[in-house]
Visitor: 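Starting off with a structure, shown below.
Below, chain A is the first sequence line, B the second, and so on; all start at residue 1. Reckoned from all heavy atoms, side chains included, excluding hydrogens, waters and symmetry mates.
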Protein chains: 2
Amino acid sequence: VQDRIVLELFVIFAAAWALGRAFEAVRQPAVIGELLAGVIVGPHVLGWIHLGQAQEVLAEIGVIVLLFTVGLETDLARFRPVAGPATGVAVLGIAIPFASGWGVTLLLGFGHAEALFVGTALVATSVGITARVLRDLGRLDGTEGRVILAAAVLDDVLGLAILAVVAGIATGISSPSRVALAVVEAAAFVVVLIVVGPRLARRHGRRLARLKNTRTPFVLALGLCLGLSALAEAIGLAALIGAFLAGVILSEAGEDLDLSREMNPVADLVVPFFFVVTGARLDPGVFGDAGLLGVTAAITAVAVAGKVLGGVLGARSLGARRALTVGVGMMPRGEVGILVASLGLSLGVVGDDLYGAVIAMSVVTTALAPPLLALLTRDVPGEGGSL
Amino acid sequence: VQDRIVLELFVIFAAAWALGRAFEAVRQPAVIGELLAGVIVGPHVLGWIHLGQAQEVLAEIGVIVLLFTVGLETDLARFRPVAGPATGVAVLGIAIPFASGWGVTLLLGFGHAEALFVGTALVATSVGITARVLRDLGRLDGTEGRVILAAAVLDDVLGLAILAVVAGIATGISSPSRVALAVVEAAAFVVVLIVVGPRLARRHGRRLARLKNTRTPFVLALGLCLGLSALAEAIGLAALIGAFLAGVILSEAGEDLDLSREMNPVADLVVPFFFVVTGARLDPGVFGDAGLLGVTAAITAVAVAGKVLGGVLGARSLGARRALTVGVGMMPRGEVGILVASLGLSLGVVGDDLYGAVIAMSVVTTALAPPLLALLTRDVPGEGGSL
């Protein structure tokens, strides 16, 4: 396998570029083309690439770099006005999918523990896809974009709490105090970084920009990105949350450092790996098994409806169309849903059938979001931050 | 393992940075610090990082990016004057180590097939380390730097021929016509790229620089780098030879594209992985086993003397000090020597003892080159391409 790895890297890179440009040519987000490229070259269709450790790690680096770049382009001050709707979106976007996923799985005839795991898998939001689509459309800095980013961070902290409780129930080894500790740690991580980080960045940014070795500020920025990603993961959050917060902090360090422009070439190289590997996980075969298809369709329908409803209700103060955009933007489950399903499988709580259905749900919600977002933002004039 | 991977990435990155800066502070090449960082955090000392598939692939991407960057900074026209010395260095730097490695292994009491494999492992030059050291010292564009780069490309083509013959003898499955085909393929790959590539680059470079999507030229450059790396590997050459040639070709595409500056951030992220993983392969324990130590010392001595002699004789027209610099620069065997040893082990030709000795030889020759190069180029004024 190692022998052909450079060839696989080239195949991933070239397929992402070719299909990305093809979709741009017909005025669709490039990211749909890149996901489709993954489905096509992936192990279930052409089989030109594997999903080995190296490919998974490159995909992880890709989404870390993507969210770091998004963070660098983020202006923290512009998040404060959207704190209200973002909280509503996060809380409702967790409560509704969890309850309805749990209920539907019970109705389909599965057991209580299985229903809890499916509910948990429906909670997670994988914000990478949406961030990229809104960025391609020039909407990431709009009100909807900021609500989605803030809600996704909250979502991950709350989702961690639910996963800790559910895994504790399933294994019987977790105590309430341990669960509470995990949640407090995660919340403290986010709050401390958002409060202290920008101050430190503003204080030391200018000094960094004047260093003699001109590569040092960028190398330190990369180190902060990797360090906070590792710390986020150690606490139980997604690595990409740490990368996003590192970007947000460094965006306060001043224009002189020019970190955002320097990240462009890095993102060019590694971000396609995230989208292609995400697409490669989809086995189109699940749509051929009639019995499994029913379970998959039911869970996917609840997953879509739950997040859209959460967004529409949580962000209703923004008006119907924007609230709907937020709901659709929160829809992709991506690798987070897949992680929860894998955990359930490894704990022996979830069988192969439900595992396959949750994987398919993760990929379908991820693949549906880009075209819907493109549709929803079409013909709407851009806004310079009206909220 | 996958769980802690982001933490390992951070450890590799941070350790490389810290020890690299420490060595710079005492006026030594940063790369020695990065190699040492790998030894310390690697599996044989602290054990903070593994040598799994993901780490190896990131190291491979690191050396590909390093040689691509070196190629971009290379001016093909300035290679023509050094063709003579470079050919001499490549041919003698292969013949002397091969013959002496073969002889010493026989004298140590090993068999004929084993002696052939050790000789082959002594042939390979891993040019990544030397390129980085000379670049840190601002000497890569000097006469010595150009002789070393050109000789390393020739070395790899000739080394491939020897490996094909030796592996054919060991396994008995390779025919002379197959060996000849492999060598012709490799030579044709290099010649065609060097002759045709720059012309195409000069013709289309300007047009690329005027494209509306300003990221397209850089993404196409990355694609060419990965594509030629994969092709080089498919032909049997090292992937880094393809990356170097891609860089050389694109360096002719004109200043407007600014590819070299755009590669800086990418190199900042991935190149440290190559040096840290290379260092992590060293097991300092081999120096504790007295019996193995004798074999290791003998093979390493021949490895050092063979390449230095090849360089001194091949480049004698440049004067003693420069010729010695070239010889020392050709010394590192790095991952290429390790690959040959692994192949010998997997074919059952080489036992654990010789395998360990060859690995130690690869790492020691690699670790010795940077301080010696720093010493040899000290107090010598830089030259603006006198040859």
Side-chain angles (χ1 to χ4, degrees), chain A residues 1-14 16-18 20-21 24 50 52-58 60-61 64-65 213-216 218-234 238-240 242-243 259 261-270 272, chain B residues 1-14 16-18 20-21 24 50 52-58 60-61 64-65 213-216 218-234 238-240 242-243 259 261-270 272:
Chain A
V1 175
Q2 193 83 357
D3 279 345
R4 293 178 56 243
I5 194 80
V6 182
L7 183 59
E8 287 202 19
L9 300 183
F10 173 68
V11 166
I12 292 174
F13 194 83
W17 187 80
R21 294 301 77 69
E24 273 186 355
H50 300 82
Q53 206 203 7
Q55 290 83 351
E56 300 281 357
V57 169
L58 282 168
E60 180 83 9
I61 295 175
I64 285 174
V65 165
N213 183 337
T214 54
R215 303 304 314 155
T216 300
F218 184 71
V219 172
L220 290 178
L222 286 178
L224 187 70
C225 169
L226 288 174
L228 292 186
S229 298
L231 197 53
E233 205 170 66
L240 61 88
L259 298 173
R261 189 184 52 74
E262 292 226 275
M263 282 306 289
N264 278 334
V266 178
D268 286 340
L269 177 63
V270 296
Chain B
V1 175
Q2 192 82 357
D3 280 345
R4 293 177 56 243
I5 195 79
V6 182
L7 183 58
E8 288 202 19
L9 300 183
F10 174 69
V11 166
I12 292 173
F13 193 83
W17 187 80
R21 294 301 78 68
E24 272 186 355
H50 299 81
Q53 204 202 9
Q55 289 84 350
E56 300 282 358
V57 169
L58 282 168
E60 178 84 9
I61 295 175
I64 285 174
V65 164
N213 185 339
T214 54
R215 303 305 311 156
T216 300
F218 184 71
V219 172
L220 290 178
L222 286 177
L224 188 69
C225 169
L226 288 174
L228 291 186
S229 298
L231 197 53
E233 207 171 65
L240 61 87
L259 297 173
R261 191 184 51 76
E262 292 226 275
M263 281 307 288
N264 278 333
V266 177
D268 286 340
L269 177 63
V270 298

Visitor: Counting only heavy atoms closer than 4.5 Å, note whether A/L58 contacts chain B via side chain, backbone, both or neither.
Guide: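 Side chain of A/L58 only, per the 4.5 Å heavy-atom cut-off to chain B.
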
Visitor: What distance do A/T216 atom OG1 and B/R21 atom CZ have between them, rounded to the nearest 0.5 Å?
Guide: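 Interatomic distance, A/T216 OG1 to B/R21 CZ, rounded to 0.5 Å: 6.5 Å.
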
Visitor: When you look at B/V6 and A/E60, which way does the side chain to side chain contact (heavy atoms under 4.5 Å, CB included) test go after all the steps?
Guide: CA-CA 8 Å; B/V6 182; A/E60 180 83 9; 3.9 Å; yes

Visitor: Residues in side-chain contact (heavy atoms from CB on, under 4.5 Å) with B/V270, at least two apart?
Guide: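 In terms of side-chain contact (heavy atoms from CB on, under 4.5 Å), with neighbours along the sequence ignored, B/V270 is linked to B/I61, B/V65, B/V266.
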
Visitor: Quick one: list whatever passes side chain to side chain donor-acceptor pair (under 3.5 Å) with B/R215, sequence neighbours left out.
Guide: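 Side chain to side chain donor-acceptor pair (under 3.5 Å) list for B/R215, sorted by chain: A/D268, B/E262.
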
Visitor: Given the options B/L9, B/L231, B/I64, B/V11, which has more heavy-atom pairs under 4.5 Å with chain A than any of the others?
Guide: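 Of B/L9, B/L231, B/I64, B/V11, B/L9 has the most heavy-atom pairs under 4.5 Å with chain A.
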
Visitor: Can you tell me how far apart CG (B/L226) and CG (A/L269) are? Round to the nearest 0.5 Å.
Guide: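 Separation between the atoms: 6.5 Å.
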
Visitor: Please give me the minimum heavy-atom distance between B/P265 and A/L222, naming the atom from each residue.
Guide: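 Looking at all heavy atoms of both residues, the shortest contact is O-CD1, 4.5 Å.
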
Visitor: Under 4.5 Å from any heavy atom of chain B, what part of A/A14 do you find: side chain, backbone, both or neither?
Guide: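 Contact with chain B: none, neither part.
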
Visitor: Working to the nearest 0.5 angstrom, can you tell me the gap between B/L224 CG and A/F10 CZ?
Guide: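 Rounded to the nearest 0.5 Å, the CG-CZ separation comes to 8.5 Å.
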
